[in-house]
Amino acid sequence: MYECITCYCGIKYITQMIWLISRWEEERYTDGSKWKFLEHKGPVFAPPYEPLPSNVKFYYDGKHMKLSPEAEEVATFFAKMLDHEYTTKDIFRKNFFKDWRKEMNAEEKAKLTDLKKCNFTEMSEYFKAQSEARKAMTKDEKLKIKEENERLLQEYGFCIMDNHRERIANFRIEPPGLFRGRGDHPKMGMLKRRIRPKDIIINCSKDSKHPEPPPGTKWKEVRHDNKVTWLVSWTENIQGSIKYIMLNPSSRIKGEKDWQKYETARRLKKCVDRIRTQYHEDWKSKEMRIRQRAVALYFIDKLALRAGNEKEEGETADTVGCCSLRVEHIKLYPENDGQEYVVEFDFLGKDSIRYYNKVPVEKRVFKNLQLFMENKEPDDDLFDRLNTSVLNKHLQELMDGLTAKVFRTYNASITLQQQLKQLTSADENLPAKILSYNRANRAVAILCNHQRAPPKTFEKSMQNLQTKIDAKRDQLSDAKRELKSAKADTKCCLPGQPCSPVITLCKKAVQRIEEQLMKLEVQATDREENKQIALGTSKLNYLDPRISVAWCKKWGIPVEKIYNKTQREKFAWAIDMADEDFEF
DNA sequence: GTGCAGACTTAGAAGCTGGACG
DNA sequence: CGTCCAGCTTCTAAGTCTGCAC
């Protein structure tokens with residue numbers, strides 16, 4: 001018996017033949033519909049607020065004060081974050097206090113006027129104790145919770161879309177709390193409201209069994225829009241944007257889209273030379289807007305910058321992408337460290353991650369940049385005649401489906417392919433090949449500027465690893481010594497004659513330890529090189545998985561070595577279809 | 001063109017867990 | 001058998017891009 005591998009329906013089949021036509025080859029809709037049938041159970045709401053036990057006290061100006069449940073709940077959000085840097089930031093505190101006051105009753109409002117006089121430490125201690133208690137639970141208790149989670153997952157975590165039972169990505173509604181923006185976000189600390197059934201729009205097919213709202217409540221709306229893929233939506237109160245519940249990356253609908261994305265990038269591969277020639281030409285255009293477009297496109301292509309949409313000032317952190325670069329974000333050096341025409345980039349990109357890079361550029365680009373910056377203030381737009389919509393309209397004319405982000409996908413994937421070719425050598429063993437893979441992955445992560453905060457435990461874990469390596473070295477020299485003495489003892493290990501069993505054993509031991517040592521050393525190198533670089537984002541979003549699958553097949557590397565279970569599920573389509581000669 | 005809503009992808013951090021290790 | 005931490009999972013913010021109204 002074979003269980004269905006194309007979704008989570010659990011149907012058992014007698015033969016595997018059924019998958020000769022895999023789900024990736026099922027017929028696709030041509031009219032813009034995303035599905036014909038959609039049935040699900042709706043979202044899981046955040047658990048209701050549980051008031052604190054009466055012995056956990058809040059103090060204002062040193063004096064105990066009993067808070068109303070509404071005010072108390074918001075206070076606990078702050079208390080839970082007390083150890084976080086956020087709560088020391090002025091904007092966070094100001095926003096929090098303003099929103100907290102809105103939840104207070106008249107009496108509280110009159111009394112609580114200064115956040116500095118609020119003492120949340122007992123609350124904070126209480127939550128810490130709770131989390132300790134959770135950790136200290138018995139196996140049985142933990143198992144119970146696990147089973148309950150599993151039950152919830154089985155009931156709410158799946159939907160039926162067309163003929164498949166699909167996993168839902170985020171079936172739980174975001175619980176209320178304090179907004180944590182990234183970087184210098186002007187709204188950090190604001191209260192994220194609790195979402196109620198009357199905020200929720202349900203999307204499902206007419207002929208499905210509609211999800212029921214909790215007893216005594218109503219949905220905002222139930223609609224049947226098969227031109228979109230979401231199951232549930234609501235409007236969030238911080239930015240007023242819409243949030244969605246959608247399917248897991250393993251689903252047909254996400255997988256097909258992902259596949260399509262890489263196919264678009266492969267089409268770019270076929271015409272990228274032509275496009276490059278054209279923008280080189282356009283640097284000479286007599287129209288300023290065309291020159292700006294051409295220089296911006298050059299950056300997007302060469303440096304894998306994001307498009308850079310305009311953002312509403314004061315609503316979000318001040319971050320930029322290519323089209324929204326300002327004069328203050330670049331510096332020009334006619335000559336720098338022996339190189340000519342160097343541009344220094346220094347700006348905050350998505351998630352307020354700093355992009356810093358010094359790159360030599362063509363003379364024409366350099367001269368154009370000088371021209372664009374003439375008579376401008378530091379906070380003026382570098383490309384004042386350009387925005388993402390103009391740029392994307394132009395790209396659309398160059399190739400069907402071409403937008404700025406396709407360049408990132410294309411350059412990431414082509415870099416991986418080329419790096420793998422360059423770095424993999426046939427005579428290396430498995431750990432070394434995997435190191436090569438990670439290095440190729442790393443080259444892409446650096447190109448895309450995927451950074452992470454160095455893990456808090458980095459230094460320590462590096463030290464631990466070094467200790468292990470030292471121990472392994474000692475072990476190796478011991479093993480070698482033993483081998484030597486074994487040889488001396490038996491004397492005869494003549495050519496052509498089998499060694500004594502003792503010697504064979506010793507030799508095997510040495511070999512095994514050498515391999516273990518090698519593995520540890522490789523691990524140390526890998527980790528050191530990875531200190532501030534995040535590989536996950538590029539692996540998940542930019543690298544055509546078929547390149548990796550082909551590489552694995554070519555070198556006989558089990559795909560599990562580079563993709564964990566979740567990743568294999570997401571990339572099932574690629575694992576299904578790529579053979580070792582796949583070329584991006 | 002511009003502004004905005006909407007839908008969807010991309011992103012790093014936080015939280016959790018299971019397997020290695022003493 | 002308990003501890004610890006790396007790797008995985010979850011979370012949700014922050015982008016991109018399209019389409020529509022004016």
Side-chain angles (χ1 to χ4, degrees), chain A residues 32 34 80-81 84 86 131 134-136 139 142 145-146 149 153 169-175 177 179-183 185 187-188 192 201 203 225 227-230 233 235-236 238-249 253-254 257-258 260-261 306-312 315-317 319-324 348-353 385 387-393 395-396 401-406 408-409 412 445 448-453 455-458 460-461 464-465 467-468 471 523 527 530 532-542 563-567 569:
Chain A
K34 305 291 169 67
K80 281 179 182 166
M81 291 180 74
H84 203 287
Y86 272 122
S131 110
R134 226 171 299 131
K135 272 184 220 155
K139 261 192 187 149
K142 282 183 182 167
I145 294 178
K146 209 178 162 186
N149 277 334
L153 173 68
N170 54 326
F171 58 91
R172 287 169 207 271
I173 298 280
E174 296 173 18
F179 177 73
R180 303 151 88 114
R182 311 266 170 86
H185 197 115
K187 299 194 170 181
M188 63 165 79
K192 240 178 82 161
I201 303 174
N203 193 32
D225 180 358
K227 298 289 194 282
V228 297
T229 67
W230 54 266
S233 76
T235 302
E236 153 269 351
I238 304 288
Q239 326 263 5
S241 65
I242 308 168
K243 299 254 183 165
Y244 304 93
I245 291 182
M246 290 186 186
L247 295 195
N248 195 72
I253 210 149
K254 296 288 183 188
K257 199 82 191 293
D258 207 34
Q260 203 181 78
K261 172 180 80 184
R306 295 189 184 82
N309 285 307
E310 301 103 299
K311 303 170 66 181
E312 214 179 325
E315 294 293 299
T316 59
T319 62
V320 297
C322 186
C323 295
S324 51
L348 297 181
K350 179 174 178 180
D351 291 329
S352 294
I353 296 290
R385 310 276 171 94
N387 60 40
T388 53
S389 118
V390 170
L391 178 64
N392 280 335
K393 261 182 207 127
L395 293 175
Q396 186 57 241
L402 187 61
T403 61
K405 87 186 186 81
V406 179
R408 245 167 106 81
T409 312
C448 295
N449 199 40
H450 291 143
Q451 297 185 31
R452 61 167 184 178
K456 286 192 181 70
T457 53
F458 185 82
K460 203 169 91 196
S461 83
N464 288 349
L465 195 54
T467 314
K468 272 193 210 170
Q523 206 185 340
R527 197 180 296 174
N530 243 5
Q532 301 198 64
I533 298 168
L535 299 187
T537 303
S538 49
K539 202 178 201 176
L540 243 40
N541 300 301
Y542 289 103
Y563 289 142
N564 66 30
K565 185 164 158 283
T566 314
Q567 294 165 338
E569 282 173 359

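Computed from a prediction, not measured in an experiment: that's the story for all the values here. Letters A, B, ... mirror the listed sequences (proteins, then strands); counts begin at 1.
- Among the atoms of the strands shown, none is found under 4.0 Å from any heavy atom of A/Thr388.
- Across all strands, A/Ile238 comes closer than 4.0 Å to no nucleic acid atom at all (heavy-atom distances).
- Nearest to the side chain of A/Lys192, among B/dT10, C/dG15, C/dA13, sits C/dA13.
- Looking at heavy-atom distances under 4.0 Å, A/Lys405 makes contact with sugar-phosphate atoms alone, never a base.
- Rounding to the nearest 0.5 angstrom, the gap separating the CZ atom in A/Arg306 from the SG atom in A/Cys448 is 8.0 Å.
- Between A/Lys135 atom NZ and C/dC5 atom P the separation is 13 Å, expressed in whole Å.
- Comparing atom distances between the A/Arg306 side chain and each of B/dA7, B/dA13, C/dG15 picks out C/dG15 as nearest.
- Nearest nucleotide to the side chain of A/Glu174, out of B/dG12, C/dT18, C/dT12: C/dT12.
- Taking the six-membered ring for Trp and thresholds of 30 and 60 degrees, A/Tyr244 and A/Trp230 have ring planes inclined between 30 and 60 degrees apart.
- Within the structure, a side-chain polar atom (N or O) of A/Thr229 is placed less than 4.0 Å from OP1 or OP2 of B/dC8.
- Mapping A/Ser233 and A/Gln451 onto DNA chain B by nearest heavy atom places A/Ser233 closer to the 5' end of the strand.
- Comparing C/dC17, B/dA11, C/dT12 by their closest approach to the side chain of A/Asn170 singles out C/dT12.
- Taking 4.0 angstrom as the limit, A/His84 places none of its side-chain polar atoms (N or O) nearer than this to OP1 or OP2 of B/dA13.
- For the pair A/Arg182 CZ and B/dA11 C1', the interatomic distance rounds to 6 Å; values are reported in whole Å.
- Residue order along DNA chain B, read from the 5' end via each residue's closest nucleotide, puts A/Thr235 first among A/Thr235 and A/Tyr86.
- OP1 or OP2 of B/dG12 has at least one side-chain nitrogen or oxygen of A/Thr537 nearer than 4.0 Å.
- Contact between the side-chain N/O atoms of A/Gln239 and the OP1/OP2 oxygens of C/dA14 is found at a separation under 4.0 Å.
- The listed nucleotides are C/dC17, B/dC8, C/dG15; the one nearest the side chain of A/Ala307 is C/dC17.
- Residue contacts shown for A/Pro249 are absent, as no nucleic acid heavy atom lies under 4.0 Å away.
- The side chain of A/Gln396 has C/dT18 as its nearest neighbour among B/dC8, C/dT18, C/dC17.
- In this view, A/Lys80 satisfies the side chain to side chain donor-acceptor pair (under 3.5 Å) rule with no residue, not counting sequence neighbours.
- The side chain of A/Asn392 sits closest to C/dT18 out of B/dA13, C/dT12, C/dT18.
- The CD1 atom of A/Ile238 sits 13.5 Å away from atom OG1 of A/Thr316, with the distance rounded to the nearest 0.5 Å.
- Between the CD atom of A/Glu236 and the P atom of C/dG15 there is a distance of 14 Å, rounded to whole Å.
- A/Asn309 places its CG atom 15 Å from the P atom of B/dA5, with the value rounded to the nearest Å.
- Checking A/Asn564 against A/Thr316, the closest nucleotide of DNA chain C that is more toward the 5' end is the one next to A/Asn564.
- Atom-to-atom, CZ of A/Arg180 to P of C/dT10 comes out at 18 Å; the value is rounded to the nearest Å.
- Note that CG of A/Leu391 and CG of A/Leu395 are 4.5 Å apart. Values are rounded to the nearest 0.5 Å.
- Between A/Thr566 and A/Ala404, the residue whose closest nucleotide on DNA chain C is further toward the 5' end is A/Thr566.
- A/Ile242 places its CD1 atom 11 Å from the C1' atom of B/dC8, with the value rounded to the nearest Å.
- Among residues two or more places apart in sequence or in another chain, the side chain to side chain donor-acceptor pair (under 3.5 Å) test is passed with A/Asp351 by A/Arg182.
- For A/Lys146, the NZ atom counts as loosely surrounded, since its 6.0 Å shell holds 12 or fewer non-hydrogen atoms of other residues, nucleotides or ligands.
- Nucleic acid contact class of A/Ala169 (heavy atoms, under 4.0 Å, all strands): none.
- The side chain of A/Met246 sits closest to B/dT9 out of B/dT9, C/dC17, B/dA14.
- Between A/Lys254 and A/Asn248 the shortest side-chain heavy-atom distance does not fall below 4.5 Å.
- Comparing atom distances between the A/Val228 side chain and each of B/dA11, B/dC8, C/dG15 picks out B/dC8 as nearest.
- Nucleic acid contact for A/Tyr244: base, since at least one base atom lies under 4.0 Å from a heavy atom of the residue.
- Among the heavy atoms of the strands lying under 4.0 Å from A/Lys311 are primed sugar atoms or P, OP1, OP2 only; no base atom is included.
- Considering only side-chain atoms of A/Lys146, the nucleotide from B/dA11, B/dG18, B/dC8 that sits closest is B/dG18.
- Note on A/Arg134: nothing from the nucleic acid sits closer than 4.0 angstrom, heavy atoms only.
- In this structure, A/Gly308 reaches the sugar-phosphate backbone alone: every heavy-atom distance under 4.0 Å involves primed, P, OP1 or OP2 atoms, never a base.
- To the nearest angstrom, C1' of C/dT9 lies 12 Å from CZ of A/Arg172.
- Contacts of A/Lys142 with the nucleic acid, taken as non-hydrogen atoms under 4.0 Å apart, are absent.
- With rounding to whole Å, A/Ile245 atom CD1 is found 13 Å from C/dC11 atom C1'.
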